[in-house]
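Below: the structure, in structure tokens.
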Amino acid sequence: MPDWLEAVLRVAGVLVAFLVLPLVVGQTEHKVMAHMQARLGPMYAGGFHGWAQLVADGVKFVQKEDVTPREADRAVFRLAPVVALLPYLLVLLVIPLGPGDLVGQRLDIGLFFVLAVVGVGVLAVLMSAWASANKYSLLGGLRGAAQLLGYELPLVLAAASVAMAAGTLSLPGIVEAWEPWWLLWQAPAMIVFFVAGLAEIRRPPFDMPVADAELVFGYMTEYTGLRFAFFLLAEYVGIVVIAALTTVLFLGGWQGPFADAHLGWLWTLIKVAAVSFVIIWLRVSYPRLREDQLQRLCWLVLVPLSLAQLVLTAAVRVAL
């Protein structure tokens, strides 16, 4: 197969995952939240249990009027939703689905690339907040920036722990080095990474930047139509990315109870689905944290815990 054709097929596969998996997660969230709250949820769009509800929502957003505030910085205002969405597409390129060639682009510094790209998300929050010329948007953006910059530290430290344990920054390399006993040894790092990941994608209970009771809808207040849909899509893609990274770094990726390499992709998807379910479950079960509680959790709990885990990992590596 020519190199250019292989590259096109890999990019096409990543684009399909980028477009399909968030819709699956969004529809699952609709139904899971409905059942947890003893109601039906979407039932009509598409027929069977409202399977096409998110597609219908997308069509609705496309048809809505695209409004830009008169005082807004139009160029920055319109670019912010794209900046919110693009980093997750780039991250999906380097996350391995299975052994061998089941990855968009295998990088020796894949983990470094992922952490660097995910950190770009704070720019979208600040761009949308400042460009909207709205005080509620600005307050939400400042909250979002403080949250993202704070939780970036425990996220990186937890990822560094598992990278040190594996002795590589390659995501496929980390999966290949993974051992089942890491579920206990790296459990604190996994918890820190997962919680910090939730804060990075601003999912409840870490959704203070879009607290509707205080800020209308935070940095997204002035957005309508398709641009607002891009922000929502970025949230669902963020769920997929955080679930996939947790799976690859801490849950063994494609490794399952049976030594069948051909089913590796299936184990990865099962684990991603399970972690995504936990993310949805937390939204339903826990109230939003106050801003002071959110920052206290980061700096007084997650950062010390991740540093302790990093010291433990270094000591074990030296001892072995």
Side-chain angles (χ1 to χ4, degrees), residues 18 21-22 25 29 80-95 110-129 140-163 171 188-211 218-220 230-250 272 275-276 278-283 286 288-289 291 293-299 301-303 305-306 309:
F18 179 75
L21 291 180
V25 170
E29 180 174 66
V82 178
V83 176
L85 202 54
L86 186 59
Y88 295 125
L89 174 60
L90 296 178
V91 169
L92 287 177
L93 281 170
V94 300
I95 295 180
L111 181 57
F112 178 82
F113 174 81
V114 165
L115 295 176
V117 171
V118 168
V120 175
V122 67
L123 293 179
V125 174
L126 290 174
M127 289 168 64
S128 59
L142 293 176
R143 284 185 180 183
Q147 177 174 317
L148 295 178
L149 292 175
Y151 278 86
E152 189 77 18
L153 180 58
L155 185 80
V156 171
L157 291 174
S161 174
V162 72
L171 294 180
M190 179 177 65
I191 294 172
V192 170
F193 184 89
F194 179 73
V195 173
L198 286 182
E200 284 289 313
I201 59 176
R202 301 169 294 284
R203 286 282 298 183
F206 302 98
D207 58 338
M208 280 301 292
V210 292
Y219 59 91
M220 294 183 284
F230 281 171
F231 275 114
L232 296 185
L233 181 61
E235 178 180 335
Y236 286 127
V237 181
I239 294 175
V240 174
V241 167
I242 293 302
L245 288 175
T246 304
T247 296
V248 168
L249 296 177
F250 300 100
V272 170
V275 177
S276 299
V278 173
I279 294 175
I280 296 170
W281 170 60
L282 289 174
R283 174 178 182 175
Y286 288 92
R288 178 184 299 128
L289 294 176
E291 186 66 22
Q293 294 172 330
L294 188 145
Q295 295 295 339
R296 189 179 297 116
L297 174 64
C298 174
W299 295 106
V301 178
L302 297 186
V303 170
L305 185 59
S306 58
Q309 177 65 47

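All values below come from the heavy atoms of this structure, side chains included, with hydrogens, waters and symmetry mates left out.
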Show, in sequence, the C-alpha distance, side-chain angles and deciding distance for Leu89 and Val237, and conclude whether the side-chain contact (heavy atoms from CB on, under 4.5 Å) test is met.
CA-CA 8 Å; Leu89 174 60; Val237 181; over 6 Å; no

Audit row: Tyr88, Leu233, side-chain contact (heavy atoms from CB on, under 4.5 Å) steps and yes/no:
CA-CA 10 Å; Tyr88 295 125; Leu233 181 61; over 6 Å; no

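Heavy-atom minimum distance, Ala84 versus Ala234: O-CB, 3.8 Å. Closest of all the heavy-atom pairs between Phe230 and Pro81 is CB-CB, 3.8 Å. Across all their heavy atoms, Pro209 and Arg202 have their closest contact at CG-CD, 4.2 Å. Shown here for Val272 and Thr247, the closest heavy-atom pair between the two residues is N-OG1, 3.6 Å. Across every non-hydrogen atom of Ser276 and Ala243, the tightest pair is OG-CB, 3.5 Å. Residue Leu171 comes nearest to Val248 through the heavy atom pair O-CG1, 3.9 Å, listed as atom of the first residue, atom of the second, then distance.
Considering only residues two or more places apart in sequence or on other chains, Arg143 meets the salt bridge (charged side-chain N to carboxylate O under 4.0 Å, His left out) condition with Glu214. Residues meeting the side chain to side chain donor-acceptor pair (under 3.5 Å) test with Arg283, sequence neighbours left out: Glu29.
For the atom pair Thr246 OG1 and Ile279 CD1, the distance stands at 7.0 Å (nearest 0.5 Å). To the nearest 0.5 angstrom, Ile191 atom CD1 is 10.0 Å from Phe250 atom CZ. In this structure, Leu157 CG and Leu302 CG are separated by 10.5 Å, a value rounded to the nearest 0.5 Å. With rounding to the nearest 0.5 Å, the separation of CE in Met190 from CD in Gln309 is 10.5 Å. Annotation: the span from Ile242 atom CD1 to Leu155 atom CG amounts to 6.5 Å, rounded to 0.5 Å. Rounded to the nearest 0.5 Å, atoms CG (Leu92) and CG (Leu245) are 8.5 Å apart.
With salt bridges taken as basic N to acidic carboxylate O contacts below 4.0 Å, one links Glu235 and Arg203.
In this structure, the side chains of Ser161 and Ser306 stay at 4.5 Å or more apart for every pair of heavy atoms. Proximity of Leu297 to Tyr151: side-chain heavy atoms (C-beta onward) are separated by under 4.5 Å at one or more points.
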For residues 192-201, which side-chain N or O atoms pair as donor and acceptor with protein atoms under 3.5 Å away, sequence neighbours left out?
unit_1	atom_1	unit_2	atom_2	d
Glu200	OE2	Glu152	N	3.3

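Around the CZ atom of Phe113, the shell of radius 6.0 Å holds more than 12 heavy atoms that belong to other residues, nucleotides or ligands.
Partner of Pro87 under the side-chain contact (heavy atoms from CB on, under 4.5 Å) criterion, chosen from Val114, Val117, Leu123: Val117.
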